[in-house]
Amino acid sequence: MCSVALLEDGVLKEFYVEDRNVSRITGNIYKGRVVNVLPGLSSAFVDIGGRRNGFLSAADMLEDRSALSHSGSLPTKLNVKEGDYVLVQAVKEPTETKGARLSANLSIPGRYVVYMPTVDFIGVSNKITDEGARAKLIETLTKFRPTPTCGLIARTAAKDARRSDIIDEIEYFTKTYNRILEQYNSASGVSLLSADGDLVFRTVRDVLNSTVDEIVCNNELVARKLNDYLQENLAHSVKVTCQSEGDVLKRYGVLSEVEKLLKHKVELPHGGTLVIDYTEALTVIDVNSARFVGNTADREQTVFETNCEAAAEIARQVRLRNIGGMIVIDFIDMHDPLHNEEVVDILVRETASDRTRTRVLPMTELGLVQMTRKKTGSELQSLLLVPCPHCHGAASTVSPNFLARKIKSQLVDIFDDPMCSAAIITVNPAAFAALARGAYFETLTGSQLAGKLLYLSASAEVAPNSFRICARSGVVLTVPDNAVLLV
């Protein structure tokens, strides 16, 4: 497994992990074959060589469609038919039930610009707010774009880049795209034309800027490749250190921070807590004051301080856990409208440094804040955790009362057989400890148990939510050594 961490003043700000045994296809460019067209949806299923066919929609774009729509060049129809070959790019990973999401509008990211050969658009990253810098970048991109119909977007790193470096990157993109077209024309069938690279070099490409002082890695070969890459692509020097002995993540405190990211509850510095719950449709974050009582007797001020602390930490947690989609935050109720606005402003400011597109809405009367974050890759918990084989993601097991209720229901049916003289119930050791000392089976009386024997035994092979019942007949019984007689 490959991991990349970004630390600022010793604080973990970004963390990425990728399983080397699982191939990632987002950003890859393919020669695909149309296998089915859906005219009513302006979409098609395309074979790109994967286990499932990819889904191609006319309107799918990698970049922000709201900005690109101003160019007036967004496609509305797919002019393809079954059997056609198409040049497509994977924009979303496949799942167990769905194929990859595809786009016919390529987007090739570099350090300074994003090149879109099929979209007529010139833009600048929203993270660059200086109007003078924006104007200069738009002038450069407009003047040096390869064709009048292609698109270029200046990335955040372009603000501090030399003009010559930006021009060199644009020229490099032109050659790259021409090479992709040549491969497309020469390929006899479905094939991969361009891969987006591994996690380390994608992160260096997207994250590295003049504020980075050092890159530390634990692989000498990767360190050499990084040095070569930086010398070719970076105007300023960055120190690359190889520490092959010991655990690098542990040495810099990253491993302990990652373990915290997998927990349901997050402790705030002054005693408050966040409780993060994942559902199928959205992520819910609840803010609690917990042990934080503040330094004054003013409840409003104490709650305000807790919410401010929570807003900053929520932005960090969402970024580190790579939470995408709809997020609903339940802040502690405040009475002062100015306090509500300040908490939301903190959340907006803290999420501004997130490279993934994020939108924060005003606080509602109920103290709820809605935010959305573009889904990019998998959430951290889905990469580092596996579903519990006993609760299957429910995060709980049945109570002894309910387990006993299920057992008794089955015993009634078993003892309806007059030949059945005894039953041996086998449960998990934890359930055995609870059921053996409780009066859970006293209600099984009268005709149901007349002349019957009921034993309870423990086995680690039985799941906490499950049980086994073995019915016996006759007067001579063989029971497990740890079995106890219930009735």
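The analysis underlying the following values was restricted to heavy atoms, covering all of them including side chains, and did not include hydrogens, waters or symmetry mates.
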Verify side-chain contact (heavy atoms from CB on, under 4.5 Å) between L380 and L320, making sure each step is shown before the conclusion.
-> CA-CA 8 Å; L380 185 64; L320 285 170; 5.9 Å; no
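- A salt bridge does not link K265 with D286: none of the charged nitrogens is closer than 4.0 Å to a carboxylate oxygen.
- For A310 against V287, the heavy-atom pair with the smallest separation is CB-CG1, 3.6 Å.
- Salt bridge status for R355 with E14: present, with a side-chain N to carboxylate O gap under 4.0 Å.
- Screening Q381, E379, R321 against Y278 for a side chain to side chain donor-acceptor pair (under 3.5 Å) leaves a single residue, R321.
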When you look at V369 and F331, which way does the side-chain contact (heavy atoms from CB on, under 4.5 Å) test go after all the steps?
-> CA-CA 8 Å; V369 173; F331 286 101; 3.6 Å; yes
Could you walk me through whether Y252 and Q243 pass the side chain to side chain donor-acceptor pair (under 3.5 Å) test, one step at a time?
-> CA-CA 12 Å; Y252 288 89; Q243 298 182 6; 3.3 Å; yes
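- Atom CD of E214 is surrounded by more than 12 heavy atoms from other residues, nucleotides or ligands within 6.0 Å.
- Summarising the geometry of R316 relative to L12, their closest heavy-atom pair is NE-O, 3.1 Å, with the distance given to 0.1 Å.
- Of the charged side-chain nitrogens involved, at least one lies within less than 4.0 Å of a carboxylate oxygen, so that R202 and E18 count as a salt-bridged pair.
- In the displayed structure, K127 atom NZ is contacted under 6.0 Å by more than 12 heavy atoms of other residues, nucleotides or ligands.
- Of all heavy-atom pairs between A161 and I166, the closest is CB-CG1, 4.1 Å.
- Ion pairing of D354 with R373 is present here, as a side-chain N (NZ or NE/NH1/NH2) and a carboxylate O approach within less than 4.0 Å.
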